[in-house]
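In what follows, a structure is listed as structure tokens, so that the remarks can point back to it.
Worth knowing before you read on, the calculation uses all heavy atoms, side chains too, and leaves out hydrogens, waters and symmetry mates. Since the structure is predicted, the reported quantities are computational estimates derived from the model, not experimental observations. Residue numbers start from 1 in every chain, and the chains themselves are labelled A, B, ... in the order their sequence lines are given, proteins ahead of strands.
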There are 2 protein chains.
Amino acid sequence: MKDFEKQVSAVKQELEDNKQRATSYDVARAAGVSQSAVSRCFKQGGSISKKMRERVQKVAVELGYQPNAIARSLITRRSNIVAVVINNNTNLYYPELLVELSRDFNKRGVHMLLFTLENESDVTNMLDQVWQYQVDGVILAAQLKDTQLNFFSERSIPFVYYNRTTESGPCNSVTCDVAEGERMLVDHLFKSKHKRFCLLTGPADSAVSKKRMQGALERLHELDVDDIQIVAGNYSYSSGYQQIKTLILEHQWQPDAIICANDIMALGAYDAAIKECNLSVPKDISIVGFDGAEPASWQSYQLTTVSQPLERMADAAVDILMQRIENSALPPEKRVFSGVFIKGKTCK
Amino acid sequence: MKDFEKQVSAVKQELEDNKQRATSYDVARAAGVSQSAVSRCFKQGGSISKKMRERVQKVAVELGYQPNAIARSLITRRSNIVAVVINNNTNLYYPELLVELSRDFNKRGVHMLLFTLENESDVTNMLDQVWQYQVDGVILAAQLKDTQLNFFSERSIPFVYYNRTTESGPCNSVTCDVAEGERMLVDHLFKSKHKRFCLLTGPADSAVSKKRMQGALERLHELDVDDIQIVAGNYSYSSGYQQIKTLILEHQWQPDAIICANDIMALGAYDAAIKECNLSVPKDISIVGFDGAEPASWQSYQLTTVSQPLERMADAAVDILMQRIENSALPPEKRVFSGVFIKGKTCK
DNA sequence: CATAATTTTGACTTCGAATTCAAAAATGGT
DNA sequence: ACCATTTTTGAATTCGAAGTCAAAATTATG
């Protein structure tokens, strides 16, 4: 056995005895080089000779060495971690979003720290954690107060608002053109002679719901429709079900079209209309949603809706964020995508 | 202005000028104490006088200081980060799981690094990242090869298998008693005189599907049923739809009961039976699933299924993992939960 | 072959918080 | 008021990789 190999296995033995993981110093010692050399060896484009690189790499593999990302982050001031914040109490369709974001970030060697918010205290906690963990950036798929957004700006942590934006002032955001989408839906309903409209909203504090309902209302007003009833749901299937059941059976007010703030509620409304009110969809009543959630396309439903281009929106969000991380001087950017009208079978 | 306040605002100014975030040294300097004191102040049960704590805290707030979690992790060898790995190409119901895990971990001040796997190279990449980021532990809601599991054991990274387990040898896992669940379903069908069974499986490489289908098969054999057809799906709604449509319309073999590897496929099967084959459920054909996914309970479906106690399972997984993180000497533990039979309306 | 130009290398410092240990301060008992 | 005991405090070290800079090794040039 050569001296070289002897040294390697000695170090290896020592690490095992002490149950320690290999550090760059260990690799250096085993390979008979300096720690700097090991570091450079793992750095893209580091100034290092081929011979040295091979030698170090061989030892690194032997010892199971991988650079400690924590230590690296400390000195480089780059954690390669981004926070993704989603709002849990809304039934908007986030699962697919997470997968999509994860795919995009991983491609760039960036990792996702996931935060799910349920109440206000979660928000402040999240802000603290984001700060403590030195995340490089944040994707916000949750509604925050303006003062909470300031938290990021003050600390120059780049962030992108997903599916939301700020009305006043600049910020990075990726949204779907809600007004346009709702217009398509309303126009479609109007053209087929619907007269009495019910709007089924999301939770009162949801800006997304507000935006969508407002979009629909505006168009309805433009078309001089004023037979409108507004009912408050909370994005969930059961809220859609209950609200429509109550509206029609108890309040005895029967719309000929229901415009829902999201797809899942629309499915609830659909089931209530059919099962509870003995109505036929779309003969007696039409129903539309918004999102393009998977179940909306199932045979039993085939909901008429506007589908958000989730994949492109996720790509855009990641893109915008990564750009600001690389170059903090870039000005804010709002990217707006058009939704796709899906002609289902829940409208006349 | 007192000397004290003067010093604080001087430091604050300096940080702002250099666009630096406050460190414990800055706080120490501003408060006229040592860095050690600042550190102790932020440590639960640190040996520090009330007066000092208040003084430091006041300055910390003033400077917007929060301990740098990265630096802390480096010295404490505890990142307070766990990796959660989910398999993306299966349509099992993970979204709720993520929310549940997130809630539990956050309660304990632990954060989730999310990994979604799509192919084999994602796995090796994930393993490297887990190692590099010094995660304290791992929740595995994805199928891994034995050699890949060894990666964790060799490095003594605690991990918990979710919804899966190893047959041979010990490991931490949280599962639902699949055999028992399938037995309930089969028995239910058998009692109501079903004779011809179709099993609709998940993807061939899914251990979960294998387990579930095997459970159903075993019980069927015990009951001396042998009129069984096995059809391969992939957990998705559309695979369920297509496979059942094809089976009944083209192969002209009509079962009187379909046992699906998961709920979402069962819903596809349901729709295919009704819309494509003009059958009535449950009069002509019965359908059962497994999971307790949300859409299965919707009025249009009301699927008969076995529901997994997701919340308790998530709690258990977090619990087991955190225990092993605190105390690495604990022996492995397999926790098995019973599923809950949900008598829907898709069975005679 | 000598010298200049270039590349490669290693010693040392840095990032920011936690911890050890000894010194200093506060407290208690008489 | 004195000494013993306990509690607080701060100086110094540590974690592991990356970057700076000067020394050493290599290559190029006349």
Give [X] one of three labels, base, sugar-phosphate or nothing, depending on what nucleic acid heavy atoms sit under 4.0 Å from its own.
| X | answer |
| --- | --- |
| B/Tyr25 | base |
| B/Thr23 | sugar-phosphate |
| B/Ser49 | sugar-phosphate |

Exercise. First and last nucleotide of DNA chain D touching chain A, 5' to 3', heavy-atom cut-off 4.0 Å?
Worked result: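 Endpoints of the contacted stretch of DNA chain D: D/dG16 to D/dG19.
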Exercise. If you pin B/Ala22 and A/Lys51 to their nearest nucleotides in DNA chain C, which one's is more 5'?
Worked result: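 Residue closer to the 5' terminus by nearest nucleotide: A/Lys51.
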Exercise. Looking at residues 66-81 of chain B, who's got a heavy atom less than 4.0 Å off DNA chain D?
Worked result: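 Those residues are B/Leu74, B/Ile75, B/Arg77.
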With sequence neighbours excluded, tell me which residues meet salt bridge (charged side-chain N to carboxylate O under 4.0 Å, His left out) with [X].
| X | value |
| --- | --- |
| A/Arg335 | A/Asp319, A/Glu333 |
| B/Lys107 | B/Asp104 |
| A/Arg29 | A/Glu14, A/Asp26 |

Exercise. Between B/Gln134 and B/Val33, which is nearer to the 5' end of DNA chain D once each is assigned its nearest nucleotide?
Worked result: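 Final value for this comparison: B/Val33.
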Exercise. What is the 5' to 3' range of DNA chain C, first to last nucleotide, that sits under 4.0 Å from any heavy atom of chain A?
Worked result: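 Here the contact window of chain A covers C/dT8 to C/dG16.
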Residues two or more places apart in sequence or in another chain: which of them pass side chain to side chain contact (heavy atoms under 4.5 Å, CB included) with [X]?
| X | result |
| --- | --- |
| B/Ser153 | B/Asn150, B/Phe159 |
| B/Ala317 | B/Ile139, B/Val160, B/Tyr162, B/Val174 |
| B/Arg78 | B/Thr76, B/Asn80, B/Asp136, B/Ile325, B/Glu326 |
| A/Leu330 | A/Gln323, A/Arg324, A/Asn327 |

For this session: May I ask you to test the A/Arg164-A/Leu140 pair for a side-chain heavy-atom distance under 4.5 Å?
Result: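 No, side chains not in contact.
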Exercise. Got a sec, which residues hit side-chain hydrogen bond (donor to acceptor under 3.5 Å, both in side chains) with A/Asp128, two or more places apart in sequence or on another chain?
Worked result: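 Checked A/Asp128 against side-chain hydrogen bond (donor to acceptor under 3.5 Å, both in side chains); matches are B/Gln66.
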Problem set entry | Pairs touching residues 145-162 of chain A that satisfy salt bridge (Lys or Arg N to Asp or Glu O under 4.0 Å), sequence neighbours left out |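 Output for this query lists A/Glu120-A/Lys145.
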Problem set entry | Closest non-hydrogen atom pair, B/Thr116 against A/Asn106 |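 Looking at all heavy atoms of both residues, the closest pair is O-ND2, 4.5 Å.
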